[in-house]
Amino acid sequence: MSDADRSADGPTVTIARSPIAAPEPLVPHRGWEVSGRRSAAALTITDLTPLAKVAVRAPMDGAVQRALGAPFGRAARDGAPALDGTLVVGSGPGEWLVLAPVGTAGEVREQLAGIVTEAGEFGTVVDLTHGRALLRLRGEASADLLAKVCAVDLSDAVTPDGAAFRSSVANLVTDVVRDDAGGVRSYLLHCERSSGQYLAAALLDAGAEFGIDVDGFRDPGI
Amino acid sequence: MSSSNNGTGNRNGSRNGHRPLRRGRRYSAWSLLQHGLSGADWPVTFRSHPKRDSYDVVIVGGGVHGLATAYYLAANHGIRNVAVLEKSYIGSGGSGRNTAILRSNYLTPEGVRFYDRSVKLYEHLAAELNFNVMFSQRGHLTLAHNDASLRTMRWRTEVNKLQGVDSEVIGPDEVKKLVPYLDTSSTTRYPVLGALYHPPGGIIRHDAVVWGYARGADAHGVHIHQKTEVVGIDVEGGRVTGVRTDDGHRIATPVVVNCTAGWSTLISDMAGVSMPVQTFPLQAAVTEPVKPFLDTVIVSGTLHVYVSQTDRGELVFGASVDPFASYSTRGSLEFAEGVAGHVLELMPALSKMRLLRQWAGLCDMTPDYSPIMGPTPVGGFYVDVGWGTYGFKAGPVSGEAMADCIANERPPEIISAFGLDRFEAGRLVGEKGAAAVGH
Amino acid sequence: MTQGSTATATGAAMRLGPQPGEVIDRNRTIEFRWNGRAYQAHPGDTIISALAAAGERVFSRSYKYHRPRGLLTADFLDPGCQLQVGDEPNVRAAHRLVEAGMDVRSQNTWPSLKFDVKAVNGLAGRFLATGFYYKTFIKPERLWPAYERVLRKFVHAGEVSPDTEHGYYDKRYAHPDVLVTGGGPAGMAAAVAAARAGARVLLVEEEHHLGGHLRWGDDTARAVRAELAEQVRSEPGIEVLTDSVVVGRYDDNWIGVMQRNLPHVVERLVKVRAKSLVVAPGLVERPYVFTGNDLPGVMLSTAARRLINLYAVKPGERAVVLSANPEGDAAVADLQRAGVEIAAVADARRGQRVVRARGRGGVQSVELADGSRIDCDLLVTAVGWTAPTSLLNMAGARPVYRPEVARFVPDPAHTPDGVLAVGGIAGDGTLDQLREHADAVGREAARRAAQLAHRLHGALPTRPRDAAPQPAPVTDPVPIPELPLAEHPELFFSTHGFVDFSEDVSSKDLVTAVKEGYDSVELVKRYTTATMGPAQGKLETVNTVAIVAAATGRSIAETGTTTWRPMYAPVTLGALAGRSFEPIRHSPMQPWHERHGATPLVAGQWIRPEHYGDPAAEVRTVRSGVGIIDVTPIGKLDLRGPDVAKLLNLLYVNKWSKLDIGRVRYGVMCADDGVVLDDGVTGRLGDDHYLMSTTSSGAATVWEWVENWLQTEHPDWQVHVTPVTTAYASINVAGPRSRELLGRLTEGVDLRPEAFGYMNVRTGTVAGVQDCVLWRIGFTGELSYEIHLPASYGLHVWERLIETGADLGVVPFGVEAQRILRLEKGHFIVGQDTDGLTQGYTAGLGSLIKLDKADFVGKPELAWQAERGGYPQLVGLLPVDGDVVPPEASQIITGGGHIAGRITSSRMSPTLGRAICLGQVDSGLAEAGTRVTVRLPDGRDVEAVITAHHAQVDPEGERQRV
Amino acid sequence: MMLLPCPWCGPRNASEFRYVGETGPRPDPTTATPEQWRRHLYFHANPRGWVRESWYHRAGCRRYFAAERHTATNEVRSSGGHS
């Protein structure tokens with residue numbers, strides 16, 4: 001979008017952008033500029049950066065963990081009742097990342113703060129919506145693709161559905177969640193926002209032999 | 001200290017029954033021709049001897065440092081009743097595992113002076129030892145890929161020039177002229193912004209240096225005991241009295257010199273001297289030969305790689321030390337992957353060359369990337385250790401300085417900055433700044 | 001050189017009729033070029049089999065003596081069959097399959113393969129003996145470089161082209177339970193057994209087809225091959241990689257596999273973490289050492305059998321066979337069947353020996369030990385085997401020599417649990433015995449893998465907590481039958497001949513080396529270079545050891561082998577490098593910078609704008625109006641918890657107990673050796689909430705360092721640290737009109753100086769974006785605000801600042817302008833104005849360091865530094881001639897060229913119109929007003945004066961406080 | 001490549017970790033002599049054998065932990081919390 005396209009007057013409309021270049025067509029979605037491209041390929045990559053992402057820190061194996069429902073290493077959708085529609089990822093020992101629909105970060109943060117307070121433990125909540133880039137790989141070949149850039153064993157014996165781990169992906173520290181969708185193998189990957197474009201490009205390159213394609217953003221919740 | 005040795009008296013025991021050596025048979029084109037025509041055998045280069053019960057000096061470690069120390073003790077100071085104890089074969093440690101790069105373009109004045117002396121000794125070593133060590137002064141380039149390393153190159157250059165050492169910072173175009181295979185375009189991930197060019201640097205035949213010193217030391221009466229491991233050092237009343245070896249010998253001696261790399265902590269521990277040293281593997285690798293296309297030595301500190309091409313056409317690669325301390329010399333796949341990736345960043349046309357062999361040596365790293373040389377709190381126990389990744393470059397000057405230190409019982413000026421006491425005194429050497437762009 | 005377009009394609013003079021085991025496709029013919037002439041081949045042919053079929057027998061010239069060399073092993077190892085193919089050097093032409101249009105050339109020949117001028121070296125051979133380099137060219141010293149240039153011309157190898165494209169190479173990881181290296185009968189049987197026991201198996205075969213030696217065997221052998229191959233095919237748990245080779249085994253069964261036959265990529269390195277490794281490389285046939293053993297026409301029995309059975313190529317017309325084993329006998333039968341006349345069979349088991357081969361350009365006759373001389377064009381030798389134990393050695397096993405079988409055998413007692421051996425490397429026996437052994441080993445490998453998996457996977461956090469526990473694996477080891485070792489006569493050499501064909505090292509050279517005192521096998525290797533060539537010792541090592549043993553009077557067992565090191569097979573740099581994975585980082589404003597002509601600066605992983613055309617103009621605009629800079633890479637740590645102040649007091653040299661909410665403070669961190677580590681400002685946003693900034697390059701280090709203090713020294717402190725560097729886009733709005741610009745876009749923050757003073761922090765809305773953090777700080781020395789805003793809105797806010805400030809003349813400025821501004825202001829940069837030994841007081845931090853704090857990191861060393869005095873100091877300097885900017889790193893010298901300091905930063909100041917510097921100087925020179933001499937890189941000396949402040953512009957700091 | 005058993009994540013490639021090295025207790029900064037302090041900073045046991053050392057799981061859980069490793073074989077026999 002060139003500078004000339006902008007109007008100097010009129011109310012300020014804030015536009016949020018993912019760090020990952022989006023293929024045409026660009027469409028607005030709840031204040032974000034996202035790709036409206038649709039792909040029917042067997043292996044796809046989707047930029048989910050607009051989703052809300054809130055980090056929680058609290059003692060491992062304590063009341064907060066019980067409320068969130070996901071221990072370290074696992075992701076869960078059936079966490080606290082207040083967190084309906086979210087995916088709670090046990091991303092570190094005493095560390096969680098809660099993924100939620102676009103635009104809900106504020107509510108989720110408050111709900112989580114409530115959980116922490118109720119637990120009576122030393123815990124903190126930080127909104128990282130703008131701090132992380134988030135991608136979904138979807139397709140049976142997604143494990144073969146990941147096996148080109150990640151040294152962790154992707155077999156069911158080690159990382160079954162619901163597994164969450166942090167490791168090096170294409171030489172970048174990346175959080176990976178095995179999150180099969182509709183019986184199809186799928187992975188969520190998130191990394192520091194500033195390296196999002198790098199990670200997406202590396203995955204597209206590694207996926208070329210499997211016919212990977214970009215599927216634009218849809219708001220399926222999480 | 002004076003020599004108690006009878007000099008040349010015991011030289012007649014040559015195993016093959018040749019006439020006694022006079023500093024060995026001279027090597028020359030003429031003698032080569034004579035031998036070619038007559039078919040006669042060459043004399044033994046270095047002999048084995050039975051162990052004596054005592055020596056004036058016992059040197060632990062039969063690499064270039066130990067052998068050079070022995071050679072200069074005999075040649076410069078007349079101290080000939082010297083034994084070099086080597087647990088494997090001579091040159092089997094760092095001396096035979098390094099990438100044979102020589103240079104003197106260090107960062108600190110004391111470092112530059114020291115290594116410059118070493119390069120000077122190397123330049124005349126073939127003639128001194130009558131053994132062609134094939135010192136090939138084809139120039140040494142340290143590439144800068146960012147402002148910070150370019151600044152360090154300039155720093156080194158300016159210090160070098162003030163010490164009379166030939167160094168200059170050159171631009172990408174001049175670099176390209178010296179190394180046409182290098183990708184000097186500005187669009188690479190690590191563009192070449194310039195380089196520290198050091199014409200006296202180059203490569204040498206590392207084994208030949210070991211054998212040349214061994215032959216020279218042998219000719220002066222030094223005993224070289226291979227396959228002899230030191231298992232204990234006797235200390236009485238704060239002074240060294242002898243060493244014990246794995247074949248059950250006890251050798252009495254007032255002076256023990258620790259000239260080991262990779263094992264310096266273990267040997268010093270035997271004398272009760274603790275060390276500010278951590279041992280790390282340093283890996284290297286060699287490719288199959290191709291027709292020579294690379295004259296200069298290329299180093300990139302940012303990419304942690306150095307490359308040279310031998311007279312046999314092989315490319316020799318090295319990198320920084322392994323990421324964790326270890327006594328393992330097994331080598332790693334990550335090293336091979338990393339070095340190949342970085343070489344191709346620099347010279348993308350080499351992707352079809354093949355890596356043939358990789359190996360590792362041990363480096364004793366000190367907190368300030370500078371050696372530890374001279375006496376220790378234990379009387380008669382000297383160290384010449386902590387060489388990090390620079391040991392081979394310093395072989396001749398270390399031998400010369402350690403011999404001086406032992407003969408005169410005090411460290412000569414050229415190594416005065418490198419004493420063991422500097423760590424507790426908080427007087428670290430400033431070479432730390434240049435270490436990131438080493439080799 | 002003749003152009004092939006005019007030459008007739010050369011046909012197949014030596015091609016036999018169809019053979020039962022052949023791998024060529026006779027129905028198709030392809031054309032390629034050899035030294036400029038066109039040749040024909042069938043798909044499935046190797047380059048060498050096609051050339052041999054056409055009657056060619058000389059493929060290269062040797063290293064030192066330029067002797068003609070032909071086929072020896074007819075496989076990957078063949079030392080005389082390394083050729084240049086297009087721009088690829090040293091291609092193993094007896095392994096590489098012909099492709100249509102290949103341009104194949106011989107290496108190391110001048111002017112041609114048939115007439116090689118350097119062959120005169122052969123005449124001079126007696127003078128080029130062992131170690132001749134070391135013995136000559138010593139004096140005069142000045143001539144050595146000239147000699148060396150000549151030596152380099154003689155290098156025996158192919159060429160690399162500077163135009164070679166870096167192809168698409170690739171990598172992947174694999175986690176099989178069992179990795180089997182070698183797809184011969186034992187490897188296949190072991191793979192099948194392991195798979196049937198439930199293991200996931202990766203089976204790797206170096207050749208193009210599974211089967212090993214069965215492929216060139218008799219009908220029975222081929223039938224067994226077909227049966228085993230079918231079993232492999234029908235096991236879904238087995239993945240087969242052919243034309244692939246295991247290059248090395250590293251710690252914890254980390255194994256590199258080079259895969260070569262892929263559609264999408266040139267080559268792929270598979271990095272395997274195997275739970276069990278089954279080593280099944282078979283045996284390598286050993287050449288025999290005798291005079292003339294390198295003549296074209298002398299070949300191993302396996303080479304002759306491969307040529308006949310796989311490629312239907314007749315190896316010669318009239319043959320002598322030296323046989324010590326059944327393989328040699330089988331070669332006799334194959335040769336007869338192929339119509340080769342058998343002139344003589346010398347049976348080594350009955351003491352017969354070959355002592356010499358004669359001929360020019362190829363074998364013409366052979367002499368036996370009994371003095372008989374037989375005319376022939378082919379000599380086939382079958383004198384024994386070498387076990388290629390490299391992978392076992394890499395796993396720590398030392399092979400032991402067994403004289404009764406004339407080979408080194410692995411010692412299973414010294415092999416780790418995860419490594420097992422099958423097939424020829426483990427022992428001999430009938431095919432049934434080998435299969436039975438491999439079957440048991442395969443099952444045992446699967447059992448051990450399952451045990452290890454149980455141990456490793458049991459407690460993984462990624463497995464569901466409520467999942468059924470994995471079944472306990474079988475614990476009883478599978479009984480493994482003993483493999484017999486077949487007796488074999490010890491045959492290594494009869495007369496002097498070549499030991500290392502690629503290095504041109506003869507047995508005479510080895511003996512000479514021993515006599516000269518190089519009397520251990522390692523010294524002999526280094527002195528002669530035997531075993532150091534491209535075959536990596538697989539052909540040469542045992543003969544070398546045998547000859548050294550004979551020369552020293554020691555046994556072969558006492559002599560021992562040299563160390564086998566990775567690579568097991570040479571591997572391309574392209575495959576090792578794979579795709580380049582070098583993460584880079586961009587700020588949200590990067591698209592704008594690119595559109596507006598920013599010159600990119602690579603700063604670690606970040607790509608940043610260095611300037612937008614004219615950095616000096618950017619500086620002037622900041623000093624007079626307003627500029628904005630993208631400072632997103634500044635490290636940011638979100639600190640929360642009741643103990644943050646304690647943490648800050650520990651990490652910074654200054655005091656933090658009394659920082660009010662809404663205030664920011666500058667701090668410096670030193671390590672425990674007192675050396676300056678990092679600096680930055682930290683602000684207090686709430687009761688228990690702080691935001692810390694670090695240098696861009698120090699962000700990761702400081703975070704890990706903070707975690708280290710918290711986790712290991714103070715695990716009881718309640719602090720949570722979250723790195724938020726890229727959660728915020730950071731923009732510094734700087735210049736006298738920055739308040740005015742920001743005022744137009746900011747809501748909820750009172751920007752008036754009395755409400756929002758210097759060194760304060762506020763949160764509010766900027767350009768409609770909520771939750772922005774605004775710091776009023778002044779790295780540039782001007783009134784300025786650093787805005788940290790939610791990163792997704794970075795581009796939006798940046799563009800709004802540019803648009804809104806158009807009438808104020810707002811410009812973007814880059815890193816270079818910032819460096820100048822900060823130098824004018826005298827702020828030092830950690831790592832540029834300080835180095836790895838610069839302690840706090842040297843950096844001029846005396847007023848900041850609070851030695852009265854109970855403890856902080858680095859305190860003892862800093863206290864001793866203060867007490868000691870006499871340290872170098874960071875100072876401001878003004879060159880007397882203000883037009884001369886001494887380049888950074890210029891040395892400050894005193895009489896006699898003694899170094900007394902250096903310039904650490906220098907620029908022409910656009911504000912002052914003169915050169916300004918920071919530098920470190922010895923303590924005696926640090927006094928304001930001292931004149932020092934600066935040696936410029938061009939050798940000139942200039943004078944500079946030490947100034948009272950580091951800052952040359954507004955040292956009192958009035959401009960930033962307005 | 002050595003497999004390092006992270007007490008939190010399980011066995012991972014050594015390349016995911018940053019080596020911290022032998023660590024001893026920090027001497028009391030108020031009473032340590034320069035010699036004691038610098039011995040703490042600079043000296044190491046550096047044994048050829050078993051050593052207790054500290055690692056940081058940089059690409060994983062970001063936890064510091066101690067492990068006992070044999071410096072010649074790289075075998076790791078135990079790992080656990082820090083100290």
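Quick note on labels: first sequence line is chain A, next is B, and so on, each numbered from 1. The figures here come from the full heavy-atom set of this structure, side chains too, leaving out hydrogens, waters and symmetry mates.
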Heavy-atom cut-off 4.5 Å, strictly under: side chain, backbone, both or neither for C:Asp170 against chain A? side chain
Can you tell which part of C:Val724 gets under 4.5 Å to a heavy atom of chain A, answering side chain, backbone, both or neither? side chain
Ion pair check, C:Arg268 and A:Glu209, cut-off under 4.0 Å: yes
Chain A contact via C:His457 - which portion, at a heavy-atom distance below 4.5 Å: side chain
Hits for side-chain contact (heavy atoms from CB on, under 4.5 Å) against C:Asp687, two or more places apart or cross-chain, chain-then-number order -> C:Ile661, C:Arg684
Pick one of side chain, backbone, both or neither for C:Val719, based on which atoms fall under 4.5 Å of a heavy atom in chain A. backbone
What residues of residues 116-134 of chain A sit under 4.5 Å from chain C when only non-hydrogen atoms are counted? A:Phe122, A:Gly123, A:Thr124, A:Val125, A:Val126, A:Leu128, A:His130, A:Gly131
Show me the donor-acceptor pairs, under 3.5 Å and distance only, between side chains in residues 19-29 of chain A and residues at least two apart or in other chains.
unit_1, atom_1, unit_2, atom_2, d
A:His29, NE2, A:Asp219, OD2, 3.1

Do A:Arg17 and C:His796 touch side chain to side chain, with heavy atoms closer than 4.5 Å? yes
Measure the shortest side-chain to side-chain distance between A:Pro160 and C:Pro464 over non-hydrogen atoms and say whether it is less than 4.5 angstrom. yes
For chain C, find which of A:Ala170, A:Ala208, A:Ala163, A:Ser195 contributes the most heavy-atom pairs closer than 4.5 angstrom. A:Ala170
Could you name the residues of residues 577-584 of chain C that have a heavy atom within less than 4.5 Å of a heavy atom in chain A? C:Arg579, C:Phe581, C:Glu582, C:Pro583, C:Ile584
Can you tell if the side chain of A:Trp32 reaches within under 4.5 Å of the side chain of C:Ser792, non-hydrogen atoms only? yes
If one checks every heavy atom of A:Val149 against chain C at 4.5 Å, the contacting part turns out to be both
Region of A:Cys191 that comes under 4.5 Å of a non-hydrogen atom in chain C: neither
Checking C:Gln605 against A:Ser194 for the side-chain contact (heavy atoms from CB on, under 4.5 Å) test, could you report, in this order, the C-alpha distance in whole Å, the side-chain angles of both residues, the deciding distance, and whether it holds? CA-CA 10 Å; C:Gln605 291 188 336; A:Ser194 54; over 6 Å; no
Under 3.5 Å, is there a donor-acceptor pair between the side chain of C:Thr462 and the main chain of A:Thr159? no
